[in-house]
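Protein chains get the first letters and strands the later ones, always in sequence-line order, with residue 1 at the start of each.
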Protein chains: 2
Amino acid sequence: MGQQAVAPIHKTHHLDMTALPKNIIKTISIDCVIFGYADSTLEVLLRRRATGPSKGMWSLPGGFVKKEERVLVAAQRVLQQTTGVRNTYLEEVGVFDAVDRYPAWRVFTIGHVALISPDRYALKAGSDSSEVRWFPLGNVPRLPFDHVEIMQVALEKLRKRVRYQPIGFEILPKKFTLPQLQRLYEVILGKDLDKRNFRKKILGMHFVKRLTETDRNSGRRPAFLYEFDATKYGKLQRKGFMFEL
Amino acid sequence: MGQQAVAPIHKTHHLDMTALPKNIIKTISIDCVIFGYADSTLEVLLRRRATGPSKGMWSLPGGFVKKEERVLVAAQRVLQQTTGVRNTYLEEVGVFDAVDRYPAWRVFTIGHVALISPDRYALKAGSDSSEVRWFPLGNVPRLPFDHVEIMQVALEKLRKRVRYQPIGFEILPKKFTLPQLQRLYEVILGKDLDKRNFRKKILGMHFVKRLTETDRNSGRRPAFLYEFDATKYGKLQRKGFMFEL
DNA sequence: CCAAAAGTGTTTATTGTACACCCATGA
DNA sequence: TCATGGGTGTACAATAAACACTTTTGG
């Protein structure tokens, strides 16, 4: 976290430099912090490193940027190649630049975040991964490099985002209940919310609309189902709003 | 602004590659947007390029990151070397990565902002600059590369920052009046503020304290002088607050 | 009929916003 | 005495926050 003493670097480990592709920029990498929401818990997507430094450890999906590739495009590609997850809404988190953050040579990494619904993506261990898995946030294995820091900053970013953009569309089923939506917010913010105030706020934004159907397989009193109003949702996503909770 | 068609790059202009230092990372540069506040106007610090692409044009002070240097350190150094300005509180704005943003080869640049008081710094055209000058925001010359975009994003960042951190300490004289502080906020936010509401807010934060002296050389009714309360100011700077104006 | 979660309004406190007049000074 | 900017308080509106009981279902 923050500055560190400058340690000897450029050790250029010759461990197993399994032929890095030719057209990459060796100084700039991407790391993706993909949060998933399922069963009322936040999870993070990790992959086991199949090559390079810290081979065998679980780490954030990441990789190098190509010579003529934009950063966001690289992030999408890298994520897809290592984990099979593609077409997510990634957002830049910042540059991580500690001099010895990567042991083999100096690499600046650009962190990215997304929040997705695990069950909508098929995981597939790709190029540099031997295994891909979701880990509940409370149970994350030891991570290499500065990946813990990147995760923390990413989580803060996500929490901030929730305060000025609607969420849920990409995470909840098409038809969902308000208690479900509330749980989503609670899990992300890490605190309980008042049921009545929450409803007041959400309904006041008008980005969800109530259906006549109810959710009958909950076992208890059925909750009304709601749908996102795509137009209003999109507007709020672009324009932003203030959402104190 | 956003994605662009990928244009042919790597033209490697051999214009006047005035011997780039050996220990730099050619792919990663820094650009600094230094805003100055003086005479109730916002200015930006530019330098005339003495070497490389767009030589002769005014541009943001910038330069490359060294091989074992952290980004923030690089930003301070580059700023000092090109303009003489040093020891400012720089903040990261983001990565600018358009494939052809720099004509000679591909360079990712990390934008930085600071807000300073021009009269506390002596300008000195250094290494890659032939001239250094402040330009009022309304009168900025044509800038090369994506420097206009970087400036815009930096200004937005500054405006956001003003809403959750106190400002003024580094810009106003040790003893200042509330009308002075209000003008500062108005200039940065680009809009007028209500005098009474402004005072209520500021005084409510308790990061300024009123002195018994008044400012007697204003020509009009003397205004009371205030000082920043360093402790409270620092606390708010770290913890942040909500400041709607 | 019991347990469990869904649903529903009101009151109070806090915060934002709009607004108008008197005051101290130098010229 | 006038022009100029400095200083002050209040009322209204909007928003946040606290809070408890009834309803519906499955077992």
Starting at atom CG of B:Asp192, determine the distance to atom P of C:dT17, rounded to an integer number of angstrom.
15 Å
Over 60° means perpendicular and under 30° means parallel, so tell me whether B:Trp58 and B:Phe135 are parallel, tilted or perpendicular.
perpendicular
Rounded to the nearest Å, what distance is computed from the CG atom of residue B:Leu178 to the C1' atom of nucleotide D:dG5?
14 Å
Measure the distance from NZ on B:Lys195 to C1' on D:dG6 and round it to the nearest whole Å.
6 Å
Can you tell me if the side-chain N/O atoms of B:Arg216 get under 4.0 Å from OP1 or OP2 in C:dT25?
yes
What is the distance, to the nearest angstrom, from the CD atom on B:Gln180 to the P atom on D:dG5?
14 Å
According to a strict under-4.0 Å criterion, is B:Arg199 in side-chain N/O contact with OP1 or OP2 of D:dT8?
yes
I need the CZ-C1' distance between A:Phe198 and D:dC19, as an integer number of Å.
18 Å
Base of C:dT10, side chain of A:Lys200 - is there a donor-acceptor contact under 3.5 Å?
yes
Where each residue is assigned the nucleotide of DNA chain C containing its nearest heavy atom, which of B:Asp194 and A:Ser218 is assigned the position nearer the 5′ end?
A:Ser218
Spacing of A:Arg196 atom CZ relative to C:dA5 atom C1', expressed in whole Å
14 Å
How are the rings of B:Phe228 and B:Tyr233 set relative to one another: parallel (under 30°), tilted (30 to 60°) or perpendicular (over 60°)?
perpendicular
From the list C:dG7, D:dT25, D:dT8, which nucleotide is the closest neighbour of the side chain of A:Ala223?
C:dG7
OP1 or OP2 of D:dG6 under 4.0 Å from side-chain N/O of B:Arg183
yes
Net bend of the helix from C:dC1-D:dG27 to C:dA27-D:dT1, end axes of five pairs each, nearest 10 degrees:
10°
Return yes if some donor-acceptor pair links the side-chain N/O of B:Asp146 with the main-chain N/O of B:Glu149 below 3.5 Å, else return no.
no
I'd like to know if B:Lys201 reaches the base of C:dG16 with its side chain such that a donor and an acceptor end up less than 3.5 angstrom apart.
no
Separation of atom CZ in A:Arg220 from atom P in C:dC2, rounded to whole Å
15 Å
If only atom types and distance count, is the side chain of A:Arg133 paired as donor or acceptor with the main-chain N or O of A:Leu46 below 3.5 Å?
no
Spacing of A:Leu193 atom CG relative to D:dA18 atom P, expressed in whole Å
12 Å
Quick check on D:dT8: is either OP1 or OP2 less than 4.0 Å from any side-chain nitrogen or oxygen of B:Arg221?
no
Side chains of A:Arg49 and A:Ser59: donor-acceptor distance under 3.5 Å anywhere?
yes
Any donor and acceptor pair, going by atom type alone, linking the side chain of B:Thr109 with main-chain N or O of B:Phe96 inside 3.5 Å?
no
Within the distance-only criterion (no hydrogens, no angle test), does the side chain of A:Glu91 pair as donor or acceptor with the backbone N or O of A:Val113 below 3.5 angstrom?
no
